Amino acid sequence: MKHASCLIALLAALCLGVTDTGASQRGGGGPGTTYLLRPDRVFDGDTMQQGWAVLVRGQRIEAAGPRSNVTAPAGAETIDMPGVTLMPGLIEAHSHVLLHAYNETPWNDQVLREPEALRVARAVNHLKSTLESGYTTIRDLGTEGAGYADAGLKQAVNQGIIPGPRMIVTTRAIVATGTYAPKGFSPDWTIPQGAEEADGQTLVRVVRDQAGHGADWIKVYGDYRAGPNGEAMATFSQDEMNLIVTTASSIGRPVVVHSSTPEGMRRAVMAGARTIEHGDGGTAEIFKLMAAQGVALCPTLAAGDATSQYGGWKKGTDPEPAGIRRKRESFKLALDSGVTIAAGSDVGVFPHGESARELELMVAYGMPALAALKSATSVNARVMKMEVQIGRVATGLLADLIAVTGDPVADISATRKVTFVMKGGVVVRRSQ
Ligand SMILES: [Zn+2]
């Protein structure tokens, strides 16, 4: 109930279409209010700025800079924010809002036993907690058996029916026949899969069909545990990957490839994928190839960290499992190679609203905190080709702004301490 008024305000803003006209006269904290925000410091998407103020009018940032240069027009609401850092709304490059934590319900059971309506009901809550945790944009990478529900949820957010971040969606995602999951049942049964199977020329139809059902990007599993002993192996051939990317590109859809093997990653790069997800088995050579071809790596460190703990690893007490050690090593190779790192956590494996785990792990695994913050803001915006709308605190961009207690460059875990969230100029969270 606490957030009912915010929701109504958000709905009103979206129905009316927030404009700049007369905004400064309205005041009072509703949509269309002009705000002058005065935090201790501003992370603008590139560097930390001291003594800045930010003026928001309507949906957009009207001015950002030294306080002496940014003044409040008549009727503006001034918000003093002592002790906090104002920064761009965070961008999650790899989420699954239609999944919930695997230690609550294993993935197989979510796909096979949970009705789609149940999954959508959960997703509504997940979107709310994501937004309130400071993530104002997500790239959601597959419904894992929940059809095209992500495309409907995106409409619900855009129409102001439910609160949530801006969504880039991929719908069902694509896997090579026989390679995905759930697996291990009698061949007498046809088991629903967590993504849509397609091969050869059928890929052309499936790419177009998913795009037609609302996919903004095309998500492909370039490898999976398809080897004779369940080991990860490249699935789609180079020709198939090329066909996917060519078909998707011609209708303006970038391709995102799940891949953990060097061969799967190499095929994805050669085909022209925009991002590669996980990349656990990436070598120095593959990461250099990605850097040279402008393919970003989304490392999803938080997923392995969570599943290892679900498997019994007592973090901080037990030695690190081999999988975590290998992940640290490959992430280091990626950092050294200069490949673009897109912050994405695979949230859904662990609870929604905790995507900041990824930023903490990026720093724990050797990335400077400032680089991790850039990754989750300006870099992710560029990867998504949305840099003229989001990802920085700069004049003319959408006012997707959050405030966190403390200085996240000094301590990255400050990104968990979100006290203020604004999306498109509308305040959606404000704690005193
Ligand atoms: Zn994922």
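Reckoned from all heavy atoms, side chains included, excluding hydrogens, waters and symmetry mates. What you are looking at is a predicted structure, and each value in this text was computed from that prediction instead of being measured. Ligands are counted one by one from 1 in listed order, and the atoms in each one are counted from 1 as well.
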Test log, rule salt bridge (charged side-chain N to carboxylate O under 4.0 Å, His left out), inputs Asp305 and Lys315: CA-CA 9 Å; Asp305 181 77; Lys315 192 175 178 180; 2.9 Å; yes

Does the structure place the NZ or CZ of Arg139 under 6.0 Å from the centre of the six-membered ring of Trp217, at an angle of no more than 45° from the ring's axis? yes

Flag the pair Trp107 / Tyr180 as yes when their ring centroid distance falls below 6.0 Å, and as no otherwise. yes

Please check if any side-chain donor atom of His258 sits under 3.5 Å from a side-chain acceptor atom of His278, or the reverse. yes

For the pair Asp44 (side chain) and Arg392 (backbone), establish whether a donor and an acceptor sit closer than 3.5 Å, ignoring hydrogens and angles. no

Excluding waters, which protein N, O or S atoms are within less than 2.8 Å of the Zn ion (ligand 1)? His94 NE2, His96 NE2, Asp346 OD1

Short side-chain donor-acceptor distance under 3.5 Å, Ser237 and Asp239: no

